[in-house]
Amino acid sequence: MEAQELFMNGEFIPVERGVISVRTHGFAYGTGCFEGIRGYWNEEEQQLYLFRAREHYERLLRSCKTLQIALPYSVEQLLEITVELVRRNNQRRDIYIRPVAYKSDQTIGVRLHGISDSFLITTEPFGDYVSTTGLRCCVSSWRRIDDNAIPARAKVCGAYVNSALAKSEALQNGYDEAIMLTHEGHVSEGSAENIFLVLNGELITPAPTENILLGITRDTVMELARRELGRITRERSIDRTELYNAEEIFLCGTGAQIAPVVEVDHRPIGSGQIGPISKALQDLYFQVVRGKRPEYRARWCTPVYSSVPASAG
């Protein structure tokens, strides 16, 4: 169901009261940071699992530190608030949770210090962000932001203008998604996703120094590849033309999930179909996030509802 409440500045309120002034600093200057957390509905168990919510909130607090935002909540408190919000909304389908911390003074002037901070969490129904059955991508003419310009390790609201420019360029030119390069010309990431390649049988991904967001799904993929497929991921610089010669490519992220790429710049990747490693990781991922793999469920999946109805079987 659609959300009836959200959490804002210390209280649960009706969604219609969740408003900010047009003069808000975070709105005017992009001085905020956010997370995206998915909740996956398990029909057999009648349970909603929040996937790696703890790690998302740990990253949010790191982003806040970068932007000099002080939140009055610990990771544990943020988890408790989130679970309570979803319960209040009685959401029993796949959802997307968005916590946002932002500079909230109604003032003119670009700075981070000496400005009040605010915080909110919203939840909403959510399906696929991009296709998971084969993406056609282009290398964007827009370069990825540099760590010394807007830190890529933080999910800064204003930084996503960079992503929006690349995404619109791709869509308006007939592609599904963009792949962004660094200023040095190395592969960085998609418009809002990390990227993996299978090249000469080796699983590779750009190193953290390539201005990537250190993705939680990226970390998940690397662990699943190692534990379940026996493949170690190599983190290194990747040149543009290596994209064209890859046997497989896939994008990943909380929104994108595992999204195989079948074409880059009009060049088919491998056979032009989803490759076996991408498919195996995608299948594993969807089992794990819905709590269907007990060995990962205790570590990564936070159940929302305290009891499962007897009728669930």
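Position 1 is the first residue of the sequence, and the numbers go up from there.
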Review point. Should Y29 and R111 be marked as a side-chain contact (heavy atoms from CB on, under 4.5 Å) after you check the CA-CA gap, both sets of side-chain angles, and the distance that decides it?
Key: CA-CA 9 Å; Y29 301 115; R111 66 182 191 277; over 6 Å; no
T233 vs E202, test: side-chain contact (heavy atoms from CB on, under 4.5 Å). Steps then yes/no. CA-CA 7 Å; T233 304; E202 183 180 43; over 6 Å; no
Could you walk me through whether F51 and Y285 pass ring-ring contact (aromatic ring centres under 6.0 Å, His included), step by step?
CA-CA 11 Å; F51 187 63; Y285 184 78; 5.8 Å; yes
For this session: Verify ring-ring contact (aromatic ring centres under 6.0 Å, His included) between F250 and F196, making sure each step is shown before the conclusion.
Result: CA-CA 5 Å; F250 61 88; F196 284 78; 5.1 Å; yes
Exercise for review: Please step through salt bridge (charged side-chain N to carboxylate O under 4.0 Å, His left out) for the pair R236 and E242, ending with a clear verdict.
Suggested key: CA-CA 12 Å; R236 67 166 175 84; E242 291 186 278; 2.8 Å; yes
Run the side chain to side chain donor-acceptor pair (under 3.5 Å) check on Q257 and D128 step by step: do they pass? CA-CA 8 Å; Q257 304 170 112; D128 288 343; 3.1 Å; yes
message: Show, in sequence, the C-alpha distance, side-chain angles and deciding distance for S140 and E169, and conclude whether the side chain to side chain donor-acceptor pair (under 3.5 Å) test is met.
response: CA-CA 7 Å; S140 180; E169 177 188 51; 2.8 Å; yes
### Query
For S188 and E210, what are the C-alpha separation, side-chain angles and deciding distance, and is it a side chain to side chain donor-acceptor pair (under 3.5 Å)?
CA-CA 5 Å; S188 181; E210 301 295 349; over 6 Å; no
Problem set entry | Working for side-chain contact (heavy atoms from CB on, under 4.5 Å), residues L50 and V83 | CA-CA 9 Å; L50 310 185; V83 169; 4.2 Å; yes
Please assess Y96 against Y129 for the test ring-ring contact (aromatic ring centres under 6.0 Å, His included), listing each intermediate value before the final yes or no.
CA-CA 11 Å; Y96 185 77; Y129 174 69; 8.5 Å; no
Assess whether side-chain contact (heavy atoms from CB on, under 4.5 Å) is satisfied between L120 and Y102, documenting all intermediate values. CA-CA 9 Å; L120 61 86; Y102 60 99; 3.7 Å; yes
Test side chain to side chain donor-acceptor pair (under 3.5 Å) applied to T220 and R52, step by step
CA-CA 9 Å; T220 301; R52 301 197 71 173; 2.8 Å; yes
Would E124 and R98 satisfy salt bridge (charged side-chain N to carboxylate O under 4.0 Å, His left out), going step by step from the backbone distance to the final call? CA-CA 9 Å; E124 58 191 290; R98 172 158 289 185; over 6 Å; no
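Y49 and F286 are not part of a single hydrophobic cluster, where members link through side-chain heavy atoms under 4.5 Å apart. Under the 4.5 Å side-chain contact rule for hydrophobic residues, I195 and I204 share a cluster. At a threshold of 4.5 Å between side-chain heavy atoms, the hydrophobic network of Ile, Leu, Val, Met, Phe, Trp and Tyr places L60 and I37 in one connected group. Under the 4.5 Å side-chain heavy-atom criterion for Ile, Leu, Val, Met, Phe, Trp and Tyr, V100 and L79 are members of distinct hydrophobic clusters. Following chains of ILVMFWY side-chain contacts shorter than 4.5 Å, one can reach V304 starting from F7, so the two form part of one hydrophobic cluster.
For the pair I20 and F27, the minimum side-chain heavy-atom distance is below 4.5 Å. You'll find the side chain of I81 reaches within 4.5 Å of the side chain of Y73, heavy atoms only. Side-chain atoms of L213 and R153, non-hydrogen and from C-beta on, never get closer than 4.5 Å to each other. Counting heavy atoms from C-beta on, the side chains of D239 and H186 come closer than 4.5 Å. Counting heavy atoms from C-beta outward, I258 and V221 have side chains that approach closer than 4.5 Å. Proximity of I121 to L6: side-chain heavy atoms (C-beta onward) are nowhere separated by under 4.5 Å. For the pair Y244 and V264, the minimum side-chain heavy-atom distance is below 4.5 Å. Contact check for C64 versus C33: side-chain heavy atoms found under the 4.5 Å cut-off.
The closest donor-acceptor contact from the side chain of R293 to the backbone of V288 lies at 3.5 Å or more, if one exists at all. Between the side chain of S163 and the main chain of S191, a donor-acceptor pair closer than 3.5 Å is present. Between the side chain of H25 and the backbone N or O of S116 there is no donor-acceptor pair closer than 3.5 Å.
Taking a cutoff of 4.0 Å between a charged side-chain nitrogen and a carboxylate oxygen, R240 and D265 qualify as a salt bridge. Using a cutoff of 4.0 Å between basic side-chain nitrogens and carboxylate oxygens, R299 and E223 are scored as salt-bridged. With respect to E35 and K155, no salt bridge is recorded, no charged nitrogen being found less than 4.0 Å from a carboxylate O. Between K279 and E248 there is no salt bridge, since none of the side-chain N atoms of the basic residue sits less than 4.0 Å from a carboxylate O of the acidic one. Between R38 and D94 there is no salt bridge, since no side-chain nitrogen of the basic residue lies less than 4.0 Å from a carboxylate oxygen of the acidic one. Between R54 and E76, at least one side-chain N (NZ, or NE/NH1/NH2) sits under 4.0 Å from a carboxylate O, which counts as a salt bridge. Using a 4.0 Å cut-off between charged side-chain N and carboxylate O, R267 and E263 make no salt bridge. The existence of a salt bridge linking R218 and E189 is excluded, since no basic side-chain nitrogen approaches an acidic carboxylate oxygen closer than 4.0 Å.
Within 6.0 Å of CH2 on W300 lie more than 12 heavy atoms contributed by other residues, nucleotides or ligands. Within 6.0 Å of atom CD in Q273, 12 or fewer heavy atoms from other residues, nucleotides or ligands are found, so the atom counts as exposed in its surroundings.
Separation of the Y160 and F34 ring centroids falls under the 6.0 Å cut-off.
Between N211 and D146, the side chains place a donor N or O and an acceptor N or O closer than 3.5 Å (distance only, hydrogens not considered). Donor-acceptor pairing under 3.5 Å is recorded for the side chains of N89 and T123.
When every heavy atom of A70 is checked against every heavy atom of D117, the shortest pair comes out as N-OD2, 2.9 Å. Nearest heavy-atom pair across V262 and G272 is CB-O, 3.5 Å. Residues I212 and P206 approach most closely at CD1-O, 3.7 Å, considering heavy atoms.
Stacking of R87 on the aromatic ring of Y305 is not recorded, the 6.0 Å distance cut-off and the 45° axial limit not both being met.
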